[in-house]
Amino acid sequence: MATVNPPRGMRDFLPADKARRERVLAVIRERYRAHGFDEIETPVMEEYDRLHAGVGGDNEKLAFNIMKRGITAETLASTEDAADLADLGLRYDLTVPLSRFYASHRAELPTVFRAVQIAPVWRAERPQKGRYRQFVQCDIDIMGDATSRAEAELISATLDALDALGLSGASVRINDRRALDAMLDVFGFPADERPGVLITIDKLDKIGPSGVAAELRDRGAEAASVDAFEAFLRGLAEPTGSFGAEQIRALLPEGIPDEIVDHLTGVGEAVSAARGDAPLVFDPFLVRGMGYYTGTIFEIAHPDVSYSLGGGGRYDGMVGRFLGQDVPAVGFSIGFERIVDLVSLAEAEGSRSIVLVHDKDVPVAELLAHKARLVAEGARVRLERRPRNLKSVLERAEADGYTSFASVAAGQDEIELKPLG
């Protein structure tokens, strides 16, 4: 028997769930628009070669690929590499499409372009709690600005959106991939080993300094480098004071270039000026897995949950792959599927949602006249024929977000609204 469930890792949304998601998205859009970001839309598909250009990290392995049209059984039988059968793929994030979009339309865009993208993406994940094969991403990006102002704008806008959703108290963990690279250079890790070393460092909060050192030794890293790095980790004290150059320097080894510290400090100063506070936390071991990050990286932390609510970073080299000329770029993505279940937003004040429960013999013309009058007054109106069990109809309507109801009989000129619930 054919299944009637959606594909594994994908979901249907009932009206109440869909309405709640749209209310959250409306708040995010409104706050981002207030900060000067303009919404764009890109196709759900991109060319196969673009999605597999080596910029998407492990996400490239999770891409859903689309077979070329007109493939014959003979072609299938004679093709050794499955990649030769595909020419398109579903986007696995919104950053690669944005970079292609910017390369395509640069002449039509401002010198510094602030973009919003809110759209579904697809990844061939192993379905499990919190991991879906189709999910919504909410991205803001700034193209064309290499200064710390760009990061500060992204962080300020994102924190503002979270505040508007009732998720105040969030902070931003921040680091710089250049600082990580310089740190590994200080301790003598060869360049070709560093991607693997970073994977291990990313586990520091779970396995601790000794666990990191043990895993690095298992990876065959130079013993002297591992010993020096482990001693550094064990000697770090909890940061004191507010976010700034002194705190950053205290958490890094000697030899980190001043320009990296200055850039991070500039971000903090600008966020503080914009918000009156700078809820930033320097984390020298924040890694983030995307291989295209070239500078600052950041994640949203919130005291109510143990997981990140979003993140992003600089990817100055990606646009150049499509344009042939590097363009500074930095982006921040809210984890929409993570925050939507944490947010409770009522319908806008003054909104009216009415169920008209009518008798069987009420003429259609009368029903639609009542409905048209209420709709003209700004109400949302649903018609329901009176059943034997009125309670079940009203409970379902309330669950769908309706706030009042009225009974309608034939020849009735006026209707009386009553609250649901």
Quiz item: Mind checking whether Pro328 and Arg314 have side chains closer than 4.5 Å, heavy atoms only?
Solution: yes
Exercise. Please name the pair of heavy atoms, one in Gly244 and one in Thr265, separated by the smallest distance, quoted to 0.1 Å.
Key: C-OG1, 4.1 Å
Exercise. Evaluate side-chain contact (heavy atoms from CB on, under 4.5 Å) for Leu216 paired with Phe189, printing each intermediate quantity in order.
Key: CA-CA 10 Å; Leu216 289 176; Phe189 290 101; 4.1 Å; yes
Practice problem: Please confirm whether the backbone N or O of Asp139 pairs with a side-chain atom of Gln137, one donor and one acceptor, at under 3.5 Å? | Solution: no
Quiz item: Any salt bridge between Glu384 and Arg396, counting N to O under 4.0 Å?
Solution: yes
Quiz item: Checking Arg91 side chain against Thr42 main chain: does a donor-acceptor pair fall under 3.5 Å?
Solution: yes
Quiz item: Judged by atom type as modelled, is there a donor-acceptor pair below 3.5 Å linking the side chain of Arg133 to the main-chain atoms of Glu125?
Solution: yes
Practice problem: Please determine if Arg11 forms a cation-pi arrangement with Tyr132, meaning its NZ or CZ atom is less than 6.0 Å from the six-membered ring centre and no more than 45° off the ring axis. | Solution: yes
Self-check item: Backbone N/O of Val287 and side chain of Arg177: donor-acceptor pair under 3.5 Å
Solution: yes
Quiz item: Between Arg385 (side chain) and Lys360 (backbone), is there a donor-acceptor pair under 3.5 Å?
Solution: no
Exercise. For the pair Ser392 (side chain) and Asn389 (backbone), establish whether a donor and an acceptor sit closer than 3.5 Å, ignoring hydrogens and angles.
Key: yes
Quiz item: Testing Lys68, Glu47, Arg69 for side chain to side chain contact (heavy atoms under 4.5 Å, CB included) with Asp87, which one passes?
Solution: Lys68
Self-check item: Closest non-hydrogen atom pair, Val362 against Val408
Solution: CG2-O, 3.5 Å
